[in-house]
2 protein chains.
Amino acid sequence: MSIDRRSGCPINLSLEVFGDRWSLIILRDMIFGGRRHFRELLNFSLEGIASNILADRLKRLMELGLLTKADDPSHKQKAIYSLTEMAITLVPIMAQLGAWGRVWLPVSEELSIRAELLEKGGPPLWEQFMDELRHEHLGAPSKTPTGKPTVRQQLRAAYEAVVARKAEEIRPIKTEA
Amino acid sequence: MSIDRRSGCPINLSLEVFGDRWSLIILRDMIFGGRRHFRELLNFSLEGIASNILADRLKRLMELGLLTKADDPSHKQKAIYSLTEMAITLVPIMAQLGAWGRVWLPVSEELSIRAELLEKGGPPLWEQFMDELRHEHLGAPSKTPTGKPTVRQQLRAAYEAVVARKAEEIRPIKTEA
DNA sequence: TGCAACTGATTGCAATTTGCAATCAGATTG
DNA sequence: CAATCTGATTGCAAATTGCAATCAGTTGCA
């Protein structure tokens, strides 16, 4: 799982970075799910990543410059993983991947609502999101005005609205007449 | 190499389609390199794909609906592979991948000039390119006015200009004084 | 006619990668 | 001081990968 340098083509090199089944999933969970710890990534993983694979990929992503690791002051054995600028600029790729998958693949409604919102928002929303990520992970000053809902909040709200609506559809009348 | 349906997340499902080292490379060569035959994909492959892997991936991409296969009238054993609409709409993803790789990875100049042109052209250029691909692969009427250079011609010209310039830099004075 | 080259693959095989389950030692909590 | 939580590591079976050789039918050319 290292970089082969099979060719200097940008698409090939990008594939050598995250052309496997897990690297981009981990980055997705960090970017969209706000995960920062090993256990968060392990236990809340939708796709059920194994701990050895997670450990291997985190290490690899650090070597490649997509993640950094720091001690968590609250626990001597706890590590906090942060996205680098290199990883944050994957947001447009994630958005395009999500948009494509939503059209062509059998996505579930509650999981694709975020892709839809991100697609509708377009580059300006992606920029706002990347700005927020820089604030969270790199300590950069936030350019987003306070009060304005964060992109992650918007994504979360949209997700929960779909979940709530679907629960209502299954059980339309909760209490008896 | 089948679809697991690990989760209904669009990004995950997209990864299950081309989250391997070869599928997107094959599609890249068809989209940008204009390859249509097995041997073209095999012999002109920059990354040196093996014939069994190529055969396997072509089959898989057909099963997934990204490619179709037809007989070549010129040769009874020759097959022509065509992109489907599903594959053609990968152009924006390819463009983003190329743009990201160009910034963060050790790309070679002559291979990244295409990514640069595609990035500069933005969505309008991508649309024109997809229109041309629909014309080539799906027999759709071309909306691009005749006379206007095709995107593939532009990409090719840009590539050759870089190669020529680099040759000149290495050997600045060809003939003796 | 005859033979080499070309067509799109397939097969055998060794090496690598994968994912599951169990385990680890140190840190913290109750 | 025992249970739990931390980020891993190890053993192992199964799957995947890529290289090399091979295949049978088709074609071009002498």
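Note on naming: letters A, B, ... go to the chains in the order of the sequence lines (proteins, then strands), and numbering restarts at 1 for each one.
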- For the pair made of CD in Glu47(A) and C1' in dT18(C), what is the distance, rounded to whole Å? 16 Å

- Query: Quick one: does Leu133(A)'s side chain get under 4.5 Å of Leu138(A)'s, heavy atoms only?
  - Reply: no

- Atom-pair distance (CG on Asp71(A); C1' on dG7(D)), nearest Å: 12 Å

- What do the steps show when you test Glu136(A) against Arg152(A) for salt bridge (charged side-chain N to carboxylate O under 4.0 Å, His left out), and what is the final call? CA-CA 12 Å; Glu136(A) 279 178 49; Arg152(A) 199 182 340 267; 2.5 Å; yes

- Interatomic distance, Ile26(B) CD1 vs dT17(D) P [rounded to whole Å]: 11 Å

- OP1 or OP2 of dG19(C) under 4.0 Å from side-chain N/O of Trp22(A): yes

- Query: Whole Å only: how far is the CG atom of Leu54(B) from the C1' atom of dT17(D)?
  - Reply: 14 Å

- Message: Taking CZ in Arg156(B) as the centre, count heavy atoms belonging to other residues, nucleotides or ligands within less than 6.0 Å. Is the count above 12?
- Response: no

- Query: Are the side chains of Leu15(A) and Arg21(B) in touch, meaning some heavy atoms are under 4.5 Å apart?
  - Reply: no

- Sub-3.5 Å donor-acceptor pair from the side chain of Glu119(B) to the main-chain atoms of Ala95(B), do we have one? no

- For Phe44(A) and dG7(D), what is the distance between atoms CZ and P respectively, to the nearest whole Å? 12 Å

- Message: Would you say the rings of Tyr159(A) and Phe32(A) are close, in the sense that their centroids are separated by under 6.0 Å?
- Response: no

- Query: Within this structure, what is the CG-to-P distance between Asp20(A) and dT16(D), rounded to whole angstrom?
  - Reply: 15 Å

- Query: Taking protein heavy atoms under 4.0 Å as touching, what does nucleotides 6-13 of chain C look like 5' to 3' if B marks base contact, S marks sugar-phosphate-only contact and - marks none?
  - Reply: -BBBBBB-

- Query: Should Arg57(A) be listed as having a side-chain N or O under 4.0 Å from OP1 or OP2 of dT18(C)?
  - Reply: yes

